[in-house]
Amino acid sequence: MERLNFQAIEKKWQLTFEKEKLYNSKGSKKFYCLEMFPYPSGKIHMGHVRNYTIGDVIARFKFMNGYNVLHPMGWDAFGLPAENAAKENKLHPKNWTEKNIAEMRRQLKLMGLSIDWDLEVSTCDEKYYKHQQEIFIDFYNKGFVKRKENYVNWDPVEQTVLANEQVVNGKGWRSGAVVERKKLSQWFFDITKFSEDLLKGLDDLNYWPDKVKIMQRNWIGKSIGCEIKFDIEGENNKINVFTTRPDTIFGASFLAVSVDHPICSNFLKDEKYIKFKNECLKVGTTEEALANAEKIGFDTKLFAAHPFIKGKKLPIFVANFILMDYGTGAIFGCPAHDQRDLDFAKKYKLEIKEVVSDNPSKPKNFNKISEAFVGDGTIVNSKFLNGLKVEQAKNKIIKEIEKLKIGKKKITFRLKDWGISRQRYWGCPIPMIHLKDGTIVPVEKSELPIKLPDDIDLNQSGNPLENHKNWKNTVYKKTGEPATRETDTLDTFVDSSWYFLRFCSPKSKSEPFDITKVNYWMPVDQYIGGIEHAILHLLYSRFFMRALKKNNNKIKDNEPFKGLFTQGMVCHETYKDLNGKWLNPTEVEKNSDGKYQKILDKTEVKVGPSESMSKSKKNVVDPESMIKSYGADAVRWFILSDSPPEKDIQWSNQGVNAAYKFLQKIYNLCFIVNERSEKGNTLDKDFDLKMNSYINKITKSINNFNLNVVVANVYEIYNLFNDYLNKNISGEILKKNLSKLMKILIPFTPHIAYECLEMLGEKEIKNWPQVDTKLILKEKIKMAIQINGKTRDVIEIEKGINQVSVEKLCKGNLKVKGKLSNRSIKKIIFVKDRIINFIIES
RNA sequence: GCCCUCGUGGUGAAAUUGGUAGACACAAAGGACUUAAAAUCCUUGCCCUUUUGGGAGUGCCAGUUCGAGUCUGGCCGAGGGCACCA
């Protein structure tokens, strides 16, 4: 057995890969293959390995099929962890990030990826964020940027805005102080202007997973409803309410408005209201927190007049579950047909009237039912709407409302404007300046980039740039008057919303991107990344593309990503020590009883369920140590085997070991085949036929991302070779077909594949093995013979045989013959090349 | 709470999209080779039957169909996202 020296082989071929550069090919068709660029957290993790291996398979496969391929890599380098690391390790975020990038670049190169490293970009590089600032100013001038107030998580002890992940059980992760909701004036991108277009655009994304499109549709949340103006009793004022269920208007029993609704200004001195408002501010800013919070209200003692029931007064509440940024910030409550309203009505003892019924002959008493009825049904107790279905009633009542001029049909989106202000240091500075008179203007483009200061104190509380001794002091060029810089930095999602454009011309100095190159390479043909980005990153990028196009009408595409593939996560068991501290798998060993213990002090370790690898749970396996032990090819091979790429995968050392063993066998096979020289015989054609069939299957599987099936097929091909080695078959045929197998392996395990192809003396290694369609027709198929739907035998026959001939074969078939004789055949179902099913009397 | 996804042997899974359920692997057990171990190779894998053979079976319960892992309805369970982690 020839030992596989993978260290030497991988080193040898990685030098070739660096020089090869897929994008330099002269293919006539282009293919932009992009994997989501990583955050430089320190070291690459298995999620990266999976992501980039899948991407590399696609890039290399397309290249071998004659495409001109763009396959770049960069760094999503701004973000919170750099600041946290700076606080913990006293290392400047810039140095920390650059160190991590160097380390991760080195590690990625160990994987043998077909990346063109000349195109590398880093978002924290001023050469990159300079252009981002330009884009921001362009967007500002186009009216895509606005300023408004928004709630943030406020840590009253640290005097700092916290990220959602820094809020643990409603408390600051460091200070432990109860986090408050605080309003800040912030910058926003006007993504809601594009709601309709972003929604419509989804229809054309034929190469996106349906689930992602569904999630985005729901996120944008278009709903058709209407606005209704309610008169406030005894006041001149009206409350404008938005509802998607105008058909339930006769079941209305109260009005509820948001704490931020203008009407609330009447109660600012009311102690009860102040107390209520403080309660509301204790609930976090996430939608989850709001949805789970107990529904509470403040009774304004005001009443609104029901527009269709004369004399009926509806109490007006301020309620914590009404959001000012959705609809009009006010609703009418119909408890019988909305769960939140029902919970609220029961708490405040409000009327509950059924107006939609799935069984009108049996009225329901919702005072005794805990679940609201939200389904379709017939309208009841609703005067002129009675007897209509929900949809009909909606149309009729909207017409009526419009006729009475008390409201109108209205389309509302759930999508909110994109808040892009961050009170943090490690991000792209927002290129705006504040003048003395309070106006805010963009800086001159000639002044870009607005660089981050290097000297920064991150241990102070508050906004670091705000606290910097002189960074924010500047001069407004136009007038020469002193001014202050905007001290907020941009959300890091902005960085990743256009990096795919930058990759088309990463060195461009004068512009964010070269329009000719962008129009050649874009859209990204295949984008690959984690499902966790299904909504935000992908939606923001789609918005950016549209906004950029409006700004520069030379851009031809609306959509940045033509094809999308969302890979599953890499999971591993979790470990905790006796103090409940998470442990890394390398800190844990199995003792003689097969139980896990801590290596350090041999104390017991609690094994938790397998979850996606995350730094916080420490259940991560270091890819580099795996590559050192088994080789990059084996790690790549394992991560593609077994589980379909879109599903979660369990990391297993046994699995990667098995992959290594298989590669060793393949390598050995190469030596054996190379030395055979028998003359051909009748089995040769058979072998060619089977190999051709596999190439056909594998080509299809790669196009469908069924990479685990490809792996299984390759195992079958190996078994085929093993079978035929013991038979009298020509060495030439074996060699020719082994070359084909090795070419198939190039995208998967490139180092060993190139090595073996070199050994086999194969010169033409750039092309994917072609399928001979004539040979496909000659394949035999297996047909099941069923009696009453149960398979009784399977016969091997030529393709395309008709029913009559198959019936004849069956009547002569030993296993079936007996069962068919003396029985009357009621029916025969025949599906060509699949099955024949005899229905007989039982 | 809302939205999305997924449930097939001891394990990861496959199944030409309504047509042979469990391909291909991992683990296990038994065997071969070996002084021994490792490595490698072979065999086995639900129930009944000595074999031939027969039966059950894709989370659970119904339904459609000649035929359901695949379609429909209901239930149960697991995971992901929820706008300042990226």
Side-chain angles (χ1 to χ4, degrees), chain A residues 1 36 38-39 41 76 78-81 84 150 152-153 161-167 191 209-212 214-215 217-219 221 285-293 321 339-340 343 414-424 491-493 495-496 530-537 539-540 568-569 571 609 611-612 614-616 641-644 646-650 652 654-655 657-659 661-662 664-665 697 700 706 708-709 711-716 718-719 722 781-794 815 826-829 831 833-839:
Chain A
M1 162 103 54
M36 290 178 184
Y39 178 78
S41 52
D76 188 11
F78 274 136
L80 203 51
N84 295 333
N150 190 31
V152 294
N153 299 309
V161 179
L162 298 179
N164 285 333
E165 71 158 7
Q166 295 175 316
V167 180
I191 188 171
D210 285 336
K211 68 169 168 182
V212 175
I214 293 168
M215 279 194 257
R217 267 187 205 111
N218 288 330
W219 188 259
T285 54
T286 67
E287 192 169 271
E288 186 189 3
L290 291 168
N292 286 328
F321 58 92
Q339 194 59 45
R340 285 176 320 185
D343 297 343
R414 202 187 76 104
L415 185 66
K416 293 192 273 191
D417 280 324
W418 174 11
I420 46 174
S421 279
R422 297 293 180 269
Q423 294 69 44
R424 312 206 187 283
D491 176 10
T492 56
F493 273 123
D495 311 341
S496 54
I531 183 72
E532 66 275 19
H533 293 291
I535 295 170
L536 295 180
H537 163 57
L539 191 65
Y540 292 155
M569 285 169 301
C571 299
E611 290 181 62
S612 87
S614 76
K615 268 189 292 177
S616 61
S641 352
D642 290 355
S643 294
E646 70 276 12
K647 277 180 90 175
D648 289 354
I649 190 173
Q650 291 285 329
S652 123
Q654 261 162 357
N657 188 43
K661 280 191 204 165
F662 174 70
Q664 167 71 65
K665 288 197 274 185
K697 270 198 236 176
K700 282 182 185 161
N706 297 326
N708 57 319
V709 183
V711 172
N713 284 327
V714 168
Y715 278 116
E716 286 181 29
Y718 172 79
N719 292 340
N722 244 2
I781 51 105
K782 285 177 177 169
M783 178 173 281
I785 305 174
Q786 299 184 335
I787 293 171
N788 288 348
K790 289 204 169 161
T791 304
R792 294 305 171 181
D793 198 14
V794 177
K815 288 184 183 170
K826 286 202 285 189
K827 196 175 173 186
I828 299 172
I829 288 130
V831 182
D833 297 345
R834 293 276 159 78
I835 59 135
I836 184 159
N837 186 8
F838 296 91
I839 310 303

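Residue numbering restarts at 1 for every chain, and letters A, B, ... go by the order of the sequence lines. Small disclaimer: the values here were computed from a predicted structure and weren't measured.
Taking A:E287 as the reference, A:R414 meet the side chain to side chain donor-acceptor pair (under 3.5 Å) condition, with sequence neighbours excluded. For A:E646, there are no salt bridge (Lys or Arg N to Asp or Glu O under 4.0 Å) partners at least two apart in sequence or on another chain. Among residues two or more places apart in sequence or in another chain, the salt bridge (Lys or Arg N to Asp or Glu O under 4.0 Å) test is passed with A:R792 by none. Scored by the salt bridge (Lys or Arg N to Asp or Glu O under 4.0 Å) test, A:R422 finds A:D491 as partners (sequence neighbours excluded). For A:Y540, the ring-ring contact (aromatic ring centres under 6.0 Å, His included) test picks out A:W418, A:F493, with sequence neighbours left out. A:R217 is linked by a salt bridge (Lys or Arg N to Asp or Glu O under 4.0 Å) to A:D203, counting only residues two or more places apart in sequence or in another chain. With sequence neighbours left out, the ring-ring contact (aromatic ring centres under 6.0 Å, His included) criterion links A:H537 to A:Y527, A:H533.
Contact between A:T791 and A:A784 at its shortest, heavy atoms only, is CG2-CB, 4.1 Å. Across all non-hydrogen atoms, the minimal contact from A:S641 to A:V711 is CB-CG1, 3.7 Å. The two residues A:M783 and A:D833 make their nearest non-hydrogen contact at CE-N, 3.5 Å. Nearest heavy-atom pair across A:V212 and A:A534 is CG1-O, 3.6 Å. The shortest heavy-atom contact between A:I191 and A:K416 is CG2-O, 3.3 Å. Minimum heavy-atom separation, A:F78 to A:T492: O-CG2, 3.2 Å.
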Step-by-step side chain to side chain contact (heavy atoms under 4.5 Å, CB included) determination, A:D417 to A:N150: CA-CA 10 Å; A:D417 280 324; A:N150 190 31; over 6 Å; no
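Nucleic acid contact class of A:A534 (heavy atoms, under 4.0 Å, all strands): none. Nucleic acid contact for A:K782: base, since at least one base atom lies under 4.0 Å from a heavy atom of the residue.
Distance check on atom P: B:rG63 versus B:rG69 gives 15 Å, rounded to whole Å. The gap from the C1' atom of B:rA68 to that of B:rG59 amounts to 16 Å, rounded to the nearest Å. Between B:rU58 and B:rA21, the distance separating the two C1' atoms is 8 Å to the nearest Å. Nucleotides B:rA23 and B:rA15 have their P atoms positioned 13 Å apart, rounded to a whole Å. Spacing of C1' atoms, B:rC76 relative to B:rC60, comes out at 7 Å, to the nearest Å. Distance noted for atom P between B:rU8 and B:rG53: 31 Å (whole Å). To the nearest whole angstrom, the two C1' atoms, one in B:rG57 and one in B:rG22, are 11 Å apart. Straight-line distance between the P atoms of B:rG74 and B:rU5: roughly 15 Å, to the nearest whole Å.
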So which protein N/O to nucleotides 30-34 of chain B N/O distances come out below 3.5 Å?
none

I'd like a table of atom pairs between the protein and nucleotides 66-76 of chain B - only N or O on both sides, under 3.5 Å - with the distance next to each one.
| from | atom 1 | to | atom 2 | distance (Å) |
| --- | --- | --- | --- | --- |
| B:rC66 | O2 | A:N837 | ND2 | 2.5 |

So which protein N/O to nucleotides 54-56 of chain B N/O distances come out below 3.5 Å?
| from | atom 1 | to | atom 2 | distance (Å) |
| --- | --- | --- | --- | --- |
| B:rG54 | OP1 | A:K819 | NZ | 3.0 |
| B:rG55 | OP2 | A:R792 | NH1 | 3.3 |
| B:rA56 | OP2 | A:K790 | NZ | 3.2 |

Nucleotides 9-12 of chain B: which of its N/O atoms have a protein N/O under 3.5 Å away?
| from | atom 1 | to | atom 2 | distance (Å) |
| --- | --- | --- | --- | --- |
| B:rG12 | O2' | A:S643 | OG | 2.9 |
| B:rG12 | N2 | A:D642 | OD1 | 3.1 |

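When both pairing distances are held under 3.5 Å, B:rA29 makes a Watson-Crick or G-U pair with B:rU43. Base pairing analysis places B:rG1 opposite B:rC82; the two distances defining the Watson-Crick or G-U wobble pair are each below 3.5 Å. Base pairing of B:rG67: no nucleotide in any strand meets the Watson-Crick or G-U wobble criterion (both distances under 3.5 Å). Nucleotide B:rG73 forms a pair with B:rC61, judged by Watson-Crick or G-U wobble geometry with both contacts under 3.5 Å.
The side chain of A:Q654 sits closest to B:rC26 out of B:rA23, B:rA14, B:rC26.
Looking only at distances, a side-chain donor or acceptor of A:N153 sits under 3.5 Å from a matching main-chain atom of A:L162. Of the possible donor and acceptor atoms, one in the side chain of A:N713 sits under 3.5 Å from a partner among the backbone N and O of A:V709. A:N837 contributes no side-chain N or O that, together with a main-chain N or O of A:I829, makes up a donor-acceptor pair within less than 3.5 Å.
With values rounded to the nearest 0.5 angstrom, A:L536 atom CG is found 11.0 Å from A:M215 atom CE.
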Sugar-phosphate or base contact per nucleotide [nucleotides 81-86 of chain B; S, B, -; heavy atom under 4.0 Å]: -BBBSB
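Going from atom OH of A:Y718 over to atom C1' of B:rC41 covers 10 Å, rounded to whole Å. Atom pair A:K211:NZ and B:rC3:C1' shows a separation of 13 Å (rounding to whole Å applied). The nearest whole Å value for the distance from the CD1 atom in A:I836 to the P atom in B:rU20 is 15 Å. Atom CG in A:N722 sits roughly 15 Å away from atom C1' in B:rC24 (whole-Å rounding). With rounding to whole Å, A:R834 atom CZ is found 15 Å from B:rA21 atom C1'. Between A:I785 atom CD1 and B:rG19 atom P there is a gap of 19 Å when expressed in whole angstrom units. Nucleotide B:rU17 holds its P atom 13 Å from the CG atom of A:N706, rounded to whole Å. Between A:N708 atom CG and B:rA15 atom C1' there is a gap of 12 Å when expressed in whole angstrom units.
Screening A:L290, A:V167, A:N164 for a side chain to side chain contact (heavy atoms under 4.5 Å, CB included) with A:T285, the sole residue that qualifies is A:N164.
Mapping A:V831 and A:I214 onto RNA chain B by nearest heavy atom places A:I214 at the nucleotide closer to the 5' end. Taking for each of A:N713 and A:N292 the nucleotide of RNA chain B with the nearest heavy atom, the 5'-most of the two is the partner of A:N292.
Between A:K665 and B:rA25 there is no side-chain polar atom (N or O) within less than 4.0 angstrom of OP1 or OP2. Here A:N218 reaches the OP1 or OP2 of B:rC4: one of its side-chain N or O atoms lies under 4.0 Å away.
Taking the syn range as angles within 90° of 0, the glycosidic angle of B:rU17 is syn. Against the 90° criterion about 0, the sugar-base torsion of B:rG59 places it in the anti range.
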